[in-house]
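Everything below concerns the one structure shown next.
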Amino acid sequence: MIERPRGWAALAMLLMLAIVAGGVIAGGRAYPPGRPPLVVPARRVALAGAQLICPGRPAGTTATLMVASTAAGGGGSALVSPLAGGAARLLLADGKRVGTLLDPPGPVVIQARGAAAQGLAALEVARGSGLTVVSCGPATGNPRYFVGASGMISAAERLELDNPDATPALVDIAAWAPTGSIPAAAGLGLTVPARGSLTVPVASLAPDLAPLSLLVKVRVGRVATALVGGSQGGEFLPAQPGPLRRLLIAGFPSGGGARSLVVANPGARSATLRVRVLLGSRQFVPSGLQAVGVGPGGLTSIDLTGVLAGLPAAVELSSDQPVLAVGRARGAGGQTAWLPPAGKVSGSTPVALPARTATALIATAPGAAAELHLADAEPASVALPPGSTVEVALSGSGGGEAFLSATGGPVYVAVKFSKAGFALLALLTPASSVLARSVESDPAAAYQSLTPTKA
Amino acid sequence: ERSHPADSWIWVLHDDCVTQPDTLTELLRLAAQRPQAAVVGPKLRSWNGRYLLEVGASTDRTGRRDSGTERRELDQGQRDVVREVLAVSSAGCLIRRDVWDRLGGYDPSMRLFGEDIDFGWRVWRAGWQVLVAPAAVARHAAAASSGRRDTAELGPQRRLIRHGALFPLLANVPGWLLPVLIARLALSTLLRMSGLVLARQPRAAGQEARALGGLLGGPRSLLLARRSRSRTAVERYRMIRGLLAGPGARLRSYRDALSVLVSLLPTRSAPEPGQPAGRYRHRPAVLLFAALVSITLLAERGLLGASVGGGQLLPAPAAAGASWSTYLAAFHDVGLGSSFPAPPALAVLSVLGWLMAGKPWVAIDLLLLASVPLGGLSAYLAARRLVRSRALAYWAAASWALAPGAPGAISGGRLDGAVAVIGLPVVAVGLVRVTTTDPARHGWWRAFALGLGLALVAAFAPLVWIVAALSWVLLGANAIAGAGAGRGAVADAIAGAGRGAVADAIAGAGRGAVANAIAGEGGRAGQRSAKERFRGLAAGATALVTAFALLLPWSWQLLSHSGLVLGGLPSSTPPASSLSLLLADPGGPGTPPAWLFVPVVGLALLGILRRPAEAITAWLFALVGYAGALVLAHTHAAGAFNRGFVWPGIAELVIAAALLAAAIIGADGIGGRLAGSAFGWRQLLFPLFATAAVVVPVGYAIAWLITGAVGPLQPAPAPATPAFLAAEASTSGGRVLDLSVPMTGAVRYALLPRGRAPTFDSEQLSSARDPALGRAIAELVSGTGSSTAPISLGQADIEYLHLSGPGTAAADSRLAAAPGLVRLSGTGSWALARVPVPLGVLSPGASLPLPLQHGGGFLRPGHLDWACRVPAGTSGRLLVLADSASAGWHAQLAGRTLTPVTAYGWAQAFRLPATGGHLLVSYATTRRAVELSGQLLLLLVCLVLARPGSKLAATADAPGSASTDPSDNASTDPSDKK
């Protein structure tokens with residue numbers, strides 16, 4: 001190799017070093033490391049369609065179907081048609097937000113399209129010997145739990161399964177009593193006919209046992225479920241989607257009558273739970289309820305009559321294992337009403353004001369102060385101090401439906417129907433939009449464990 | 001007369017033949033025993049006496065000479081039997097004087113070749129016999145046919161040989177056979193000519209044509225010869241026919257020619273001619289390879305023995321036959337159907353798969369998992385071209401193979417990266433050699449060989465082609481800078497203004513620096529003429545164009561699908577930081593710590609001190625690679641429904657290659673320099689640098705062994721679709737939509753035609769995506785309750801919807817909001833739904849077509865050609881296929897061609913008249929067939945052109961033996977042994 005002068009070669013080396021260092025710094029500036037990964041921002045899209053199934057009214061009653069949509073813009077339509085098929089009737093159209101149907105023919109399907117699907121809610125108010133208020137829900141393939149059911153023949157409770165699809169659905173029902181799981185062969189492999197319903201007496205699943213918890217598992221297809229009955233007839237036991245570690249049962253009304261809590265532990269481990277009561281503006285843990293044990297697959301009933309002392313109240317449950325719970329309140333006429341775990345009022349929520357009943361709101365703001373606003377009803381607003389529970393009587397200004405919204409909060413609301421019967425309904429804001437999920441084409445999705453489970 | 005013993009004989013001898021003392025005695029003894037024999041010939045051996053050259057001679061019906069032996073057949077007495085033969089070579093043969101006189105001796109119109117065959121034939125026709133006497137032995141140098149004898153004054157040798165082969169046939173066969181013979185000879189001549197043209201010997205092809213044309217074009221001499229022969233003929237053709245060689249002899253000669261070619265190959269590729277054979281275990285190269293194999297086996301302990309998949313790699317196709325037919329197909333049943341040309345990598349994998357017992361997964365595993373040892377081997381071969389020191393080559397090879405590129409490619413399932421690790425060193429050095437040397441001196445074949453190699457690598461990693469093109473531009477700038485006097489482009493680029501002493505000095509050194517360093521041509525490159533430089537650049541361009549052309553039409557399609565160029569499926573892993581990128585670390589799973597590369601950067605910087613020009617050129621490549629890496633690492637492949645990060649691995653490989661090259665070029669010969677100079681600070685620093693260098697490959701190996709090949713790549717990934725569903729879909733023919741639902745983040749979907757899970761090829765083929773389908777799926781999994789979403793699925797002939805993943809339960813309840821979707825079954829971890837009917841006749845105003853009936857059931861054709869009856873209906877109907885629209889679709893109803901239209905914005909449809917009738921739907925495969933034929937032809941031409949153009953060295957041992965004709969290839973015959 002030919003000898004070269006050293007000086008400039010060293011200079012060239014330093015130059016290169018400078019270029020490299022400059023490149024790294026410039027590269028780091030232009031493209032800082034650790035940028036957030038590519039995530040599509042969560043966005044909400046309005047519902048384009050919704051379907052609700054209302055169970056058939058109890059025999060010997062007259063009923064009113066009340067349908068409301070909270071869509072602000074109007075548009076779209078909602079049709080009601082018998083589950084078995086037949087002529088459909090237009091309930092909502094041209095921006096009309098409320099519609100009613102007298103004496104619906106058995107189970108019915110409400111199908112909303114367009115804007116009418118946003119915030120769609122439906123309620124069936126039946127009058128017989130008592131008052132039955134049944135909220136209509138969607139058909140789903142997900143499991144549904146009923147806590148507090150009764151297998152007593154006298155209670156005459158029945159589970160109605162409605163299948164709106166063109167193919168039969170296959171359903172399994174399991175039952176637990178306080179003593180544990182009941183081998184209920186009668187609940188296995190039930191076929192719900194296409195566009196039809198199946199009524200299963202609870203007594204056939206667990207004869208002469210109460211209280212019970214039931215699990216409806218849909219193997220094929222989808223069904224809407226409702227549990228109606230009770231010794232006074234026309235009691236409606238709402239379904240729950242699944243066990244949770246923290247539950248709030250809001251809406252214990254004022255007045256006399258027994259108050260209790262039914263807690264079920266569907267898991268395989270014993271649960272220890274604590275009950276906290278929100279009574280008026282006070283919050284406390286009643287003595288003896290600091291630690292309540294519920295065995296695996298067990299069920300327990302906690303009497304709260306003395307603790308609540310006839311005041312409007314809410315009850316908060318915290319447990320080390322996921323549990324199911326339901327609140328029970330007995331009305332003046334001996335009719336029992338049920339309160340499932342509450343969902344907070346997050347937007348415009350329809351409140352039915354049926355004719356010939358007295359309607360009251362029982363609202364709880366367990367945390368921050370909140371204010372309720374009511375449209376088409378009196379009073380127009382209700383102030384809720386922090387940690388308080390209040391009961392307010394409502395009077396409608398016509399139309400049969402009021403629309404409730406909340407500021408501050410969170411706020412949990414139940415509706416009490418009294419006069420000619422007794423019923424409670426935990427209010428749930430119907431969805432008007434859904435969170436859009438982003439979707440990517442990826443052939444690796446055809447293989448297990450080849451796709452990342454996180455974004 | 002014939003039985004009378006002869007009283008006088010002629011013994012014919014050549015100047016290149018040597019007899020033994022008893023040769024004549026043995027010939028005469030046989031002649032005395034067989035009075036019928038007019039000609040007796042000896043057994044001819046090669047010049048060195050070891051091989052049989054000829055034991056009697058014959059010809060087949062196309063003029064091919066048959067020597068009765070195999071090529072390079074050792075004489076062990078196996079042919080020692082007295083035989084009647086058509087003829088014997090004139091070298092050493094004994095001929096009865098009276099017969100010679102009667103027949104007029106050898107035909108003087110035949111010069112040097114073929115006259116012995118002709119004479120033997122005439123002897124037989126005249127009623128005498130020709131015998132071979134194996135006891136008589138002569139050695140023959142075959143000077144004329146091996147080119148040692150100057151036969152130029154007689155005319156071109158090939159023409160003489162061919163004339164000598166054809167003339168005896170045409171002059172001696174009976175007249176009634178002549179037309180058949182001429183036709184056969186014309187055909188064989190055509191075949192031979194095309195073979196010669198392919199072998200780049202057009203002149204020889206012309207001589208073939210002129211040999212036959214000369215005989216047939218001037219028939220007078222032929223007619224005279226036939227007339228004179230018929231005068232002396234007494235025997236019938238039937239008698240002689242048995243002496244002609246059959247087709248078996250021809251096959252044997254083909255096989256021999258092939259085996260000789262094969263036997264020549266290793267002698268060309270053996271890199272160390274001085275090494276004695278059979279002592280491989282003492283060679284460090286073998287030890288290096290063995291060490292890399294051991295490290296690989298240990299690190300990939302969890303991956304071996306199964307079809308791997310994961311990361312960016314989809315599992316291999318089931319069988320080599322299946323992947324081959326996918327490659328050939330014009331329309332692919334992938335996704336929504338695709339007319340995208342299949343990637344050539346699939347053809348390579350199919351061929352490799354055939355070699356691996358018909359299992360493409362073994363080929364993929366081998367390329368991916370063995371990329372470390374193979375890359376090391378390739379880097380060693382390349383490094384040996386750069387430096388004299390073997391130790392440096394081993395170090396560079398080990399560092400290259402274990403640097404983050406290869407383990408990162410393996411863990412991430414990056415087949416493109418793995419192939420680039422294997423191919424890049426050889427391609428890079430090849431490109432530099434081709435571009436910086438004069439093809440007129442070294443042969444253009446190297447350009448085509450490089451083109452083939454580049455095509456092979458680019459078939460998997462198209463980015464490598466772009467890297468090669470950029471390198472070509474850099475080398476071109478370097479060459480132009482060197483060609484011009486004074487300053488050069490390299491120096492300008494570094495110094496910016498191009499002013500000042502430093503820039504001038506670098507420019508002066510930069511001239512031809514790469515050529516110096518890599519081609520090892522010393523200072524000569526500096527003196528290369530401008531013409532030579534431009535020829536070199538032209539050769540480099542030829543290689544680039546060849547590679548591009550070989551990959552057509554796929555390479556053309558890539559121009560408009562940049563996502564595929566950047567490496568297929570985007571990754572969800574963010575790339576490394578800008579500092580790690582400089583340290584050859586692409587980031588992602590399975591990569592060793594980036595700082596281990598720091599010594600290489602240091603050594604590459606020191607390389608500038610010792611070999612400034614070469615090292616700066618290498619640094620320039622590294623900086624270009626770094627810029628590319630920065631751009632790639634921060635590019636998002638954001639398609640309509642597929643997003644992610646682009647892998648900067650190929651650019652990282654360029655950085656690693658360039659810096660390793662700079663380091664070893666700078667360090668080459670340093671040991672000798674240090675030993676030669678007085679003890680000083682250099683000797684003290686040397687162990688420090690050496691230790692730092694050794695840390696690089698050792699550290700990489702330890703890091704890889706400790707972590708193992710972890711990452712998304714996993715053995716035998718199982719399809720998400722349950723087997724019963726796949727079986728059901730394969731029977732019904734509908735598509736399955738597989739949704740992978742995480743708790744949060746994007747839902748990923750895959751379309752499975754007939755329930756078949758996508759494989760290696762599907763990723764590219766399904767690049768045509770349908771945004772409407774993506775929107776519909778997004779609506780379904782979000783639970784908007786849209787009634788159009790299930791219809792969109794039905795339009796795409798999606799029969800089943802299968803959900804899996806942790807977010808299934810929530811997504812399942814949202815799916816329930818979709819009207820018309822039938823929820824079949826499910827647990828918390830998976831769910832299944834069915835979409836109502838698809839494909840068929842679409843009435844005006846309808847959104848879903850009515851299914852076509854066929855044999856009592858719905859028709860789901862699913863292949864490219866099908867037929868059925870269409871009932872009459874209203875006008876304005878459309879026949880809708882659930883395949884994406886392509887110009888290849890054709891439909892006929894009752895003999896009338898239907899007008900193609902596009903339905904739903906993506907699907908192929910045809911306007912149906914109100915009348916019904918017999919419907920024929922087909923997909924035209926002509927275009928694909930033409931493309932494939934063109935590709936095959938181009939491949940053959942390139943293979944021929946890439947054949948080393950230099951004369952293959954004669955493999956025979958002694959100068960005189962010349963048992964092979966060097967210019968022969970498999971298609972030419974072993975010619976006369978003159």
Side-chain angles (χ1 to χ4, degrees), chain A residues 1 4-6 8-13 15-17 19-20 23-24 27-28 30-31 33 35 37-40 45 47-51 111 113 117 138-142 165-167 219-222 434-455, chain B residues 309-310 314 501-502 505-506 572 574 577-579 582 605 608-609 612 616 619 626 630 634 636 641-643 717-721 738 740 742 744-750 752 757-758 762-763 766 769 774 777-778 781-787 805-806 809 812-813 816 819 822-826:
Chain A
M1 206 188 91
R4 297 181 201 282
R6 270 300 142 88
W8 67 266
L11 214 58
M13 191 184 90
L15 195 69
M16 193 60 71
L17 201 60
I19 291 174
V20 167
V24 170
Y31 306 107
R35 288 166 314 113
L38 292 165
V39 177
V40 173
V45 288
L47 280 176
Q51 189 187 50
Q111 184 74 52
R113 295 246 181 283
T140 173
N142 290 356
D165 284 338
T167 47
R219 289 218 304 245
V220 176
R222 45 184 201 146
V434 287
L435 199 63
R437 293 206 71 160
S438 60
V439 161
E440 289 180 11
S441 163
D442 182 359
Y447 290 91
Q448 275 171 13
S449 69
L450 283 199
T451 43
T453 48
K454 283 181 73 180
Chain B
L314 290 170
V502 177
I506 295 171
S572 57
S577 69
S578 56
L579 180 63
L582 180 76
L605 278 172
I608 299 177
L609 279 182
I616 285 177
W619 266 99
Y626 180 52
L630 280 179
H634 297 86
H636 310 157
F641 286 97
N642 201 341
R643 294 164 299 105
T721 311
D738 243 327
S740 168
T744 57
V747 175
R748 292 167 183 272
Y749 72 87
L752 280 63
S762 314
E763 160 213 333
S766 55
R769 293 188 181 104
I777 296 169
V781 295
S782 305
T784 62
S786 156
S787 55
D812 187 20
S813 64
V822 181
R823 190 184 168 278
L824 286 183
S825 56

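Every chain is numbered from 1 and lettered A, B, ... according to where its sequence line falls, protein lines coming before strand lines.
In this structure, chain A has heavy atoms under 4.5 Å from both the backbone and the side chain of B/Ile777. Heavy atoms of B/Ala757 lying under 4.5 Å from chain A belong to its backbone as well as its side chain. Looking at B/Leu605, the atoms closer than 4.5 Å to chain A (heavy atoms on both sides) sit in the backbone and in the side chain alike. For a residue to count as touching a neighbouring chain, one of its non-hydrogen atoms must lie under 4.5 Å from one of that chain's; by this rule A/Arg219 touches chain B with the backbone only. Proximity to chain B (any heavy atom under 4.5 Å) is restricted, for A/Ala139, to the backbone atoms N, CA, C and O. Only the side chain of A/Thr167 comes within contact range of chain B, with at least one heavy atom under 4.5 Å from a heavy atom of that chain.
Atom OG1 of B/Thr721 and atom CG of B/Asp738 lie 3.5 Å apart (nearest 0.5 Å). One distance of note links CG of A/Asp165 with CD of A/Gln51; it measures 7.0 Å at 0.5 Å rounding.
For the pair B/Ser782 and A/Leu435, the minimum side-chain heavy-atom distance is 4.5 Å or more.
Under a 3.5 Å cut-off, the side chain of B/Arg823 and the backbone N or O of A/Gly221 do form a donor-acceptor pair. Here the side chain of A/Tyr447 pairs a donor or acceptor atom with the backbone of B/Pro758 at under 3.5 angstrom.
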